[in-house]
Amino acid sequence: ERNQADVSEAKAGRTDLIFLIRFRHCCLLRNQRCLLAYLYDRLLRIRALRWEYGSVLPNSIQFHMSAEEVEWFNRYKKSLATYMRSVGGEEGLDLTQDIKPPKSLYIEVRCLRDHGEFEVDDGTTILLKKNSQHFLPRWKCEQLIRQGVLEHVLS
C-alpha cells in the first residue's frame, strides 16, 4: 500500500521516490519467489506421502496439513488411482508396490495390532492377531507394513 502511495506521488513529480519504489518492489518479488518455493516444496512432500503411506494418511500427519493441502492430496490420490486402473489389464497395476525391487517374493511378518481376517491370493484366510507371525507374499502385505499393522521380521 505504501508503494502504491509512493507511485502516485512519483507520478505527480517526486522522482526521488523511484529508487525506494524499485527497492520495495524487488523485496516483494523476492518474498513471492520464496513463498512459491516453500509451497512447491510442501506439494512435493505431500505427493511423496501418497507413495510412502498409501491412500490413507495417519492423523498425526493430516493434522499438520491445511484444508487445501488435504484437498490436493485427495485429488492426487484419485488421479493416481485412475491412472493405475487404466494400465495393467482388468485389475490395474499398483505402482506403489515394490518401489525397491524385492529380494524375495515372500517375507515373514509380525502383526503389531489386531487387524482381523486377511485373504491371500489362493483364497486362504489368515487371522491377523497381535504378536502373531506369518509368512506372506510381499506385495500383499507391504501396504499393511506402511500402515503400521504388520512389521517385517528380519531373521
Least distance between heavy atoms, Tyr53 atom then Arg146 atom: CD2-O, 4.1 Å
Heavy-atom check, side chain of Ile46 versus side chain of Met65, under 4.5 Å: yes
Close side-chain approach of His152 to Leu154, heavy-atom, < 4.5 Å: yes
Inter-residue atom distance Phe23.CZ - Leu17.CG, 0.5 Å rounding: 14.5 Å
Audit row: Arg24, Asp6, salt bridge (Lys or Arg N to Asp or Glu O under 4.0 Å) steps and yes/no: CA-CA 11 Å; Arg24 280 191 196 135; Asp6 286 347; 2.6 Å; yes
Test item: Gln133 and Val153 side chains (from C-beta on) under 4.5 Å apart, heavy atoms: yes
Same apolar cluster (I L V M F W Y, side chains within < 4.5 Å links), Val109/Tyr106: no
Closest non-hydrogen atom pair between Cys141 and Ile107, with its separation: SG-CD1, 3.8 Å
Closest approach of Ile21 to Ala10 (non-hydrogen atoms, all atoms of both residues): CD1-CB, 4.0 Å
Donor-acceptor under 3.5 Å (Asp114 side chain, Lys129 main chain): no
Distance in Å, Ser55 OG paired with Arg50 CZ, rounded so as to fall on 0.5 Å steps: 5.5 Å
Residue pair Lys130 / Cys111, side-chain heavy-atom distance below 4.5 Å: no
Heavy-atom closest contact (Asn3 atom, His25 atom, distance): ND2-N, 3.7 Å
Within-4.5 Å side-chain heavy-atom neighbours: Arg138 and Leu105: no
Euclidean distance, Thr125 OG1 relative to Glu119 CD, rounded to 0.5 Å: 5.0 Å
Non-hydrogen atoms of Gln62 and Leu57 that approach each other most closely: OE1-O, 4.1 Å
Interatomic distance, Leu150 atom CG to Glu108 atom CD [nearest 0.5 angstrom]: 12.0 Å
Nearest-0.5 Å distance, CG of residue Asp16 to CZ of residue Arg14: 4.5 Å
Crowding at CG, Asn59 (>12 non-hydrogen neighbours, <6.0 Å): no
Name each donor-acceptor pair under 3.5 Å that joins a side chain in residues 28-44 to protein atoms two or more places apart or in another chain, with its distance.
| unit_1 | atom_1 | unit_2 | atom_2 | d |
| --- | --- | --- | --- | --- |
| Asp41 | OD2 | Arg45 | NE | 2.8 |
| Asp41 | OD2 | Arg45 | NH2 | 3.4 |
| Arg42 | NE | Glu69 | OE2 | 2.5 |
| Arg42 | NH2 | His64 | O | 3.2 |
| Arg42 | NH2 | Glu69 | OE1 | 2.9 |
| Arg42 | NH2 | Glu69 | OE2 | 3.3 |

Co-membership, hydrophobic cluster, residues Leu128 and Leu112, 4.5 Å side-chain: no
Residue pair Leu144 / Phe118: nearest heavy atoms and the distance that separates them: CD1-CE1, 3.5 Å
Under 3.5 Å: donor-acceptor pair, side chain of Thr82, backbone of Lys78: yes
Atom pair NE2/CD of His115 and Glu117 - distance to nearest 0.5 Å: 10.5 Å
Ile61 with Trp72, same ILVMFWY side-chain cluster at under 4.5 Å: yes
Single-linkage hydrophobic cluster, 4.5 Å side-chain cutoff, Val120 and Val149 together: yes
Close side-chain approach of Tyr83 to Ser86, heavy-atom, < 4.5 Å: yes
Single-linkage hydrophobic cluster Phe73~Leu80, side-chain heavy atoms < 4.5 angstrom: yes
